[in-house]
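In what follows, a structure is listed as structure tokens, so that the remarks can point back to it.
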Amino acid sequence: QVQLVESGGGSVQSGGSLRLSCEGSGYTYSTYCMGWFRQAPGKEREGVAGINKDGTTNYGDSVKGRFTISRDNAKNTLYLQMSSLKPEDTAMYYCVADPNCGLLFRTLELWSVGYRGQGTQVTVSS
């Protein structure tokens, strides 16, 4: 059974940094594409970043240059390093995984992929 557990969320002031982690279990980690999407109250879901099995990455326009996605296959862990955080980054962040690295990862419509975690809240104050 695939399980994804996020951690690292919290409250930070504008301009600060946070690193989110997502530990996966129940599957062969290195054979899955991974990613993050977020959702804030009253706003549409937004694909944040995706990472392919070979480490190729893809970012949403609003986070390019500020966020970095990475994976450690030896630790079955996905990371999202977030810097220069803004109040508009406030949201629940969800980790996702899927063995099929197709269109959804290219378009970052990551809420539609196979598996997701419970989410971790990020709050950025001005």
Side-chain angles (χ1 to χ4, degrees):
Q1 180 180 353
V2 174
Q3 287 192 319
L4 301 169
V5 179
E6 301 97 334
S7 62
S11 297
V12 65
Q13 289 192 326
S14 181
S17 299
L18 281 175
R19 188 177 80 158
L20 306 183
S21 300
C22 171
E23 184 171 354
S25 62
Y27 64 103
T28 303
Y29 187 84
S30 62
T31 66
Y32 278 53
C33 282
M34 307 285 296
W36 298 90
F37 78 91
R38 65 188 182 186
Q39 185 160 28
K43 295 186 179 180
E44 292 187 354
R45 291 167 295 193
E46 180 184 10
V48 175
I51 186 165
N52 210 329
K53 304 170 192 180
D54 63 1
T56 304
T57 58
N58 187 22
Y59 294 93
D61 288 342
S62 65
V63 306
K64 282 180 181 176
R66 300 188 298 122
F67 291 11
T68 302
I69 189 171
S70 62
R71 63 191 297 165
D72 186 335
N73 290 339
K75 295 182 178 180
N76 287 6
T77 302
L78 176 74
Y79 301 101
L80 184 69
Q81 178 67 48
M82 305 185 294
S83 302
S84 301
L85 283 161
K86 305 174 181 180
E88 50 264 45
D89 294 316
T90 296
M92 185 71 80
Y93 283 72
Y94 296 90
C95 169
V96 301
D98 200 297
N100 182 10
C101 306
L103 180 64
L104 294 177
F105 277 89
R106 291 197 293 275
T107 61
L108 289 181
E109 293 178 31
L110 299 176
W111 47 89
S112 297
V113 304
Y115 304 96
R116 71 167 70 170
Q118 293 299 309
T120 186
Q121 177 68 37
V122 172
T123 302
V124 184
S125 59
S126 58

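All heavy atoms count here, side chains included; hydrogens, waters and symmetry mates do not. Everything quoted here is computed from the prediction, not taken from an experiment.
Asn58 contributes a side-chain N or O that, together with a main-chain N or O of Arg106, makes up a donor-acceptor pair within less than 3.5 Å. Formation of a donor-acceptor pair under 3.5 Å by the Arg71 side chain with backbone atoms of Asn52 is found in this model.
Between Ser62 and the options Glu88, Lys86, Arg38, a side-chain hydrogen bond (donor to acceptor under 3.5 Å, both in side chains) holds for only Arg38.
In terms of heavy atoms, Pro87 sits closest to Ser14 at CD-OG, 3.8 Å. Here the closest heavy-atom approach between residue Asn73 and residue Ser30 is recorded as ND2-CB, 3.7 Å. The minimum heavy-atom distance between Thr120 and Gly9, with the atom names listed, is OG1-N, 3.1 Å. Here the closest heavy-atom approach between residue Ser17 and residue Ser84 is recorded as OG-N, 4.4 Å. Contact between Lys53 and Cys101 at its shortest, heavy atoms only, is CE-SG, 3.4 Å.
Expressed to the nearest 0.5 Å, how far CZ of Arg116 lies from CG of Leu110 amounts to 10.0 Å. Taking CG from Asp89 and OG1 from Thr123, the interatomic distance works out to 11.0 Å, rounded to the nearest 0.5 Å. A distance of 11.5 Å separates CZ of Arg19 from OG1 of Thr68, quoted to the nearest 0.5 Å. Rounded to the nearest 0.5 Å, atoms CE (Met92) and CD (Gln118) are 9.5 Å apart.
Checked against side-chain hydrogen bond (donor to acceptor under 3.5 Å, both in side chains), Glu6 has no partners two or more places apart in sequence or in another chain.
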>> Between Phe105 and Asp98, does the side chain to side chain contact (heavy atoms under 4.5 Å, CB included) criterion hold? Intermediate values first, please.
In response: CA-CA 9 Å; Phe105 277 89; Asp98 200 297; 3.9 Å; yes
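The hydrophobic cluster around Ile69 extends to Val2, Leu4, Val12, Leu18, Leu20, Tyr27, Tyr29, Tyr32, Met34, Trp36, Val48, Ile51, Tyr59, Val63, Phe67, Leu78, Leu80, Met82, Leu85, Tyr93, Tyr115, Val122, Val124, counting ILVMFWY residues whose side-chain heavy atoms fall within less than 4.5 Å of a member.
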